[in-house]
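Atoms within a ligand are numbered from 1 in the order they appear, just like the ligands themselves. Residues take their numbers from the sequence shown, with the count starting at 1.
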Amino acid sequence: MATSLKSLSDHSSKNIRNVSDRTFGIIVSEWNEEVTESLFSGAYQTLLDHGVKKENIFRKNVPGSFELSLASQWMAQEEGIDAVICLGCVIQGETKHFDFICDAVAHGITNVSLKYNKPVIFGVLTPNTQQQALDRAGGKHGNKGDEAAITAIKMLGF
Ligand SMILES: Nc1c(NC[C@H](O)[C@H](O)[C@H](O)CO)[nH]c(=O)[nH]c1=O
Ligand SMILES: CC(=O)[C@@H](O)COP(=O)(O)O
């Protein structure tokens, strides 16, 4: 479903279990930080709103979204981490670089989740424009950080 038809911040309460004793890693890409900081704020507050303790949320930064895969592996291998949320924003430029990054990070994050048998959430925006990104990072289409946090919580209730 196109995001324009559904707010990223709307979600059902299905499969939301008590996560007050669970731990979450959040990895934030520094590229397009105006957007990614909004994604982090959304994810962080959503976790708190669902009972996650501040001391059980561990944040790490990476230079760009391409580095999310390796960083998520470093986090997922930690026994004390139950789920990893990856946040980034890759904006289409003039070349095919966008395609390579998006493809690499989508596959990379998926591989980490399967390797470590843990939720590793793809909270990466892949817009054509800065405005599309802002619309999905606390704007008119909600916040993908909210969506990523809810997804992590729901997967832990699987
Ligand atoms: N153009 C964007 C990038 N580019 C940087 C890469 O993610 C990576 O850090 C670099 O290729 C070195 O490995 N990253 C984003 O997250 N968003 C962009 O729009
Ligand atoms: C997604 C990117 O790396 C992009 O911002 C780079 O821009 P360009 O494709 O114009 O070099």
Side-chain angles (χ1 to χ4, degrees), residues 1-11 23-49 52 54 56-78 80-156:
M1 176 181 286
T3 304
S4 58
L5 301 175
K6 176 187 181 318
S7 169
L8 292 167
S9 295
D10 290 343
H11 58 271
T23 58
F24 295 80
I26 305 180
I27 308 170
V28 184
S29 166
E30 295 171 349
W31 256 79
N32 302 309
E33 67 175 346
E34 176 189 0
V35 175
T36 60
E37 286 303 324
S38 294
L39 297 179
F40 172 76
S41 298
Y44 184 76
Q45 191 56 52
T46 297
L47 292 177
L48 297 181
D49 291 347
V52 179
K54 286 184 177 181
N56 288 342
I57 302 173
F58 301 91
R59 172 175 171 164
K60 287 285 187 181
N61 287 4
V62 290
S65 293
F66 185 85
E67 284 73 38
L68 288 170
S69 298
L70 179 56
S72 68
Q73 178 167 284
W74 287 339
M75 256 202 191
Q77 72 187 12
E78 295 295 326
I81 297 289
D82 293 316
V84 181
I85 297 168
C86 297
L87 302 175
C89 177
V90 188
I91 300 177
Q92 176 66 65
E94 297 176 350
T95 72
K96 293 178 68 177
H97 195 222
F98 169 91
D99 301 316
F100 286 96
I101 296 172
C102 296
D103 189 56
V105 71
H107 282 93
I109 286 174
T110 299
N111 291 337
V112 172
S113 65
L114 297 175
K115 178 177 180 180
Y116 289 96
N117 211 28
K118 288 183 182 178
V120 180
I121 308 306
F122 185 74
V124 181
L125 292 172
T126 57
N128 296 307
T129 66
Q130 172 88 357
Q131 188 55 53
Q132 286 181 353
L134 295 170
D135 289 345
R136 292 157 176 80
K140 64 182 181 180
H141 294 318
N143 191 317
K144 194 145 190 82
D146 296 346
E147 178 199 56
I150 289 294
T151 301
I153 291 168
K154 288 189 172 186
M155 286 303 287
L156 291 176

Using a 3.5 Å cut-off on N/O to N/O, what pairs does ligand 2 make with the protein? A line per pair would be great.
from, atom 1, to, atom 2, distance (Å)
ligand 2, 3 (O), His97, ND1, 2.5
ligand 2, 9 (O), Glu94, N, 3.3
ligand 2, 9 (O), Thr95, N, 2.9
ligand 2, 9 (O), Thr95, OG1, 2.6
ligand 2, 10 (O), Glu94, N, 2.7

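Applying the salt bridge (Lys or Arg N to Asp or Glu O under 4.0 Å) test to pairs two or more places apart or on separate chains, those with a residue in residues 80-101 are Arg22-Asp82. Judged as a salt bridge (Lys or Arg N to Asp or Glu O under 4.0 Å), the pairs with a partner in residues 25-39 (not counting sequence neighbours) are, in order, Glu37-Arg59.
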**Pair Asn111-His107, side-chain hydrogen bond (donor to acceptor under 3.5 Å, both in side chains): steps then yes or no** = CA-CA 6 Å; Asn111 291 337; His107 282 93; over 6 Å; no
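Sparse packing is recorded around CG of Asn117, with 12 or fewer heavy atoms of other residues, nucleotides or ligands lying under 6.0 Å away. More than 12 non-hydrogen atoms from other residues, nucleotides or ligands lie less than 6.0 angstrom from CZ of Phe122.
How far OG of Ser113 is from NZ of Lys118: 12.0 Å, rounded to the nearest 0.5 Å. Between the CG atom of Leu47 and the CG atom of Asp146 there is a distance of 9.5 Å, given to the nearest 0.5 Å.
When the options Thr36, Leu39, Leu68 are evaluated for a side chain to side chain contact (heavy atoms under 4.5 Å, CB included) with Val124, the one that passes is Leu68.
Using modelled atom types, one side-chain atom of Thr23 and one backbone atom of Gly80 make a donor-acceptor pair closer than 3.5 Å.
Using a heavy-atom distance under 4.0 Å as the criterion, the protein contacts of ligand 1 are Ser29, Trp31, Asn32, Gly64, Ser65, Phe66, Glu67, Cys89, Val90, Ile91, His97, Ile101.
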